[in-house]
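Below is one structure, written out as structure tokens; the observations come after it.
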2 protein chains.
Amino acid sequence: MAQKNKLQFIILGLLNQQPLTGYDLTKAFEHEIGEFWQAQHSQVYPQLKRLEAQGYITHEITISGEKLEKKLYHIVPAGQAALTTWITAGTPELTATKDEFILKLYFVRTNRDPRLPEMLTEQLHLHQDKLEHLQQRLTTVFPTKATQSENFGHYLILQHALGRETDYVTWLKQTLTALPK
Amino acid sequence: MAQKNKLQFIILGLLNQQPLTGYDLTKAFEHEIGEFWQAQHSQVYPQLKRLEAQGYITHEITISGEKLEKKLYHIVPAGQAALTTWITAGTPELTATKDEFILKLYFVRTNRDPRLPEMLTEQLHLHQDKLEHLQQRLTTVFPTKATQSENFGHYLILQHALGRETDYVTWLKQTLTALPK
DNA sequence: TTAAAACATGTAATTAGTTATATGTTTTAA
DNA sequence: TTAAAACATATAACTAATTACATGTTTTAA
């Protein structure tokens, strides 16, 4: 997929909060931001070099222990400008969700297909787990009104993800019960 | 993104319904199936060659008019087996939705950010349009109970898409009204 | 009759993303 | 004290997907 390099903006956005190393950024993709965007370190390190070449970030080398070199990256004003431009610009394209299960369903022709109950049940479990996970996150990451306003955007998208999964689960349940016996 | 070549199965699935040319398949990605999956002809033609080399499909050449050659592709039993295997196998990975707007929101820190109203309003319009479009499709593609059972999977995923967009619109509206003045 | 649109098939170049390979250091827990 | 886990950075190979390039035919409507 070639999709206009959003990774660069994620990195700028994260560096806009605090200086980080490539390793730190990679960790972020395994946790926090990894909830809705993924990237491997093999994508992160080259992107950091490109951003630095473009004059959006700089790095300083720090030594950890005896000799382990860390490159701590900072955003610079030009990078902040690029980040703001990206956020401020419109987002007129709705990205189609490429959900493999949905794709498989498309090729199931009748409601008597014997594979349907098993397929739907598997997805129900997966999405119920996901829903539980998101509910857990909401209460641990945003326990108070104050924490919600501190990180408003993140709070909003977690709410949205929760709504989406709730809807997914409802749809699967409803479809399962409507199946002919 | 490297995601296990789902295109091959979409092509097998479509050829399982009727023989088609590469051009027909490309058209399908602009209409029907294009609602939730995209592919360009530059992906379709090479994939057809690979599927034929694997022994999943064959083609016959027909002449249109004086000399325009069409390659009409047919699925063969091995291809039908591969298609069934794919559908029957579990689908244990939930694909994360890479929604650019959601990504931007993540970097908006406070509910007083002056960009929020405009950003949310733009998305509201886009998703309202999408919702309307899906409602239109539901009534035109599946006007009767009979048409719904004839193409059950397609009906289901259209229902699901409708629910998803309804939820998206609700979330955006609710967020907009909850914003501080 | 003719020009534009649609039909029809391909390859090349580039970008995005995953998986694999490579190398070494520091910290932690058995 | 030592082995495993975590820290830290980087490149290579490969797959997927978009955009651009390339060529020609048939149909439709002005």
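Just so you know, these numbers use all the heavy atoms, side chains as well, and skip hydrogens, waters and symmetry mates. None of these values were measured; they are calculated from a predicted model.
To the nearest angstrom, P of D:dT28 lies 14 Å from CG of B:Leu68. If you take NZ of B:Lys27 and P of C:dA6, they are 8 Å apart, rounded to a whole angstrom. Counting to the nearest Å, the C1' atom of C:dA16 and the CD atom of B:Gln38 are 16 Å from each other. Taking atom NZ of residue A:Lys70 and atom P of nucleotide D:dA6, one finds them 16 Å apart after rounding to whole Å. A straight line from CG of B:Asp24 to C1' of C:dT9 spans 12 Å, rounded to a whole angstrom. The distance between atom CZ of A:Phe29 and atom P of C:dG17, rounded to the nearest whole Å, is 10 Å. The separation between A:Tyr23 atom OH and C:dT25 atom P is 16 Å, rounded to whole Å. The separation between A:Glu100 atom CD and D:dA16 atom P is 12 Å, rounded to whole Å.
Nucleotide D:dT23 forms a pair with C:dA8, judged by Watson-Crick or G-U wobble geometry with both contacts under 3.5 Å. Using N1 to N3 plus N6-O4 or O6-N4 for Watson-Crick, or N1-O2 and O6-N3 for G-U wobble, each under 3.5 Å, C:dG17 pairs with D:dC14. Base pairing of D:dT28: its partner is C:dA3, meeting the Watson-Crick or G-U wobble criterion (both donor-acceptor distances under 3.5 Å).
Of the candidates C:dT19, D:dA20, D:dT19, D:dT19 carries the atom nearest the B:Gln40 side chain, counting heavy atoms from C-beta on. In the set D:dT9, C:dT9, D:dT18, the nucleotide with an atom closest to the side chain of B:Gln43 is D:dT18.
Remark: A:Thr21 is in phosphate contact with D:dT9, judged by side-chain N or O atoms under 4.0 Å from OP1 or OP2. Side-chain nitrogen and oxygen atoms of B:Lys71 include at least one within less than 4.0 Å of the OP1 or OP2 phosphate oxygen of C:dG10. Neither OP1 nor OP2 of D:dA10 sits under 4.0 Å from any side-chain N or O of A:Tyr45. A close approach under 4.0 Å does not occur between any side-chain nitrogen or oxygen of A:Lys67 and OP1 or OP2 of D:dA8.
More than 12 heavy atoms of other residues, nucleotides or ligands sit less than 6.0 Å from atom CZ of A:Arg50.
Both B:Glu69 and A:Ala39 sit near DNA chain C, but only B:Glu69 has its closest nucleotide nearer the 5' end. Each of B:Ser64 and A:Gly22 was assigned the nucleotide of DNA chain D with the nearest heavy atom; the assignment lying further toward the 5' end belongs to A:Gly22.
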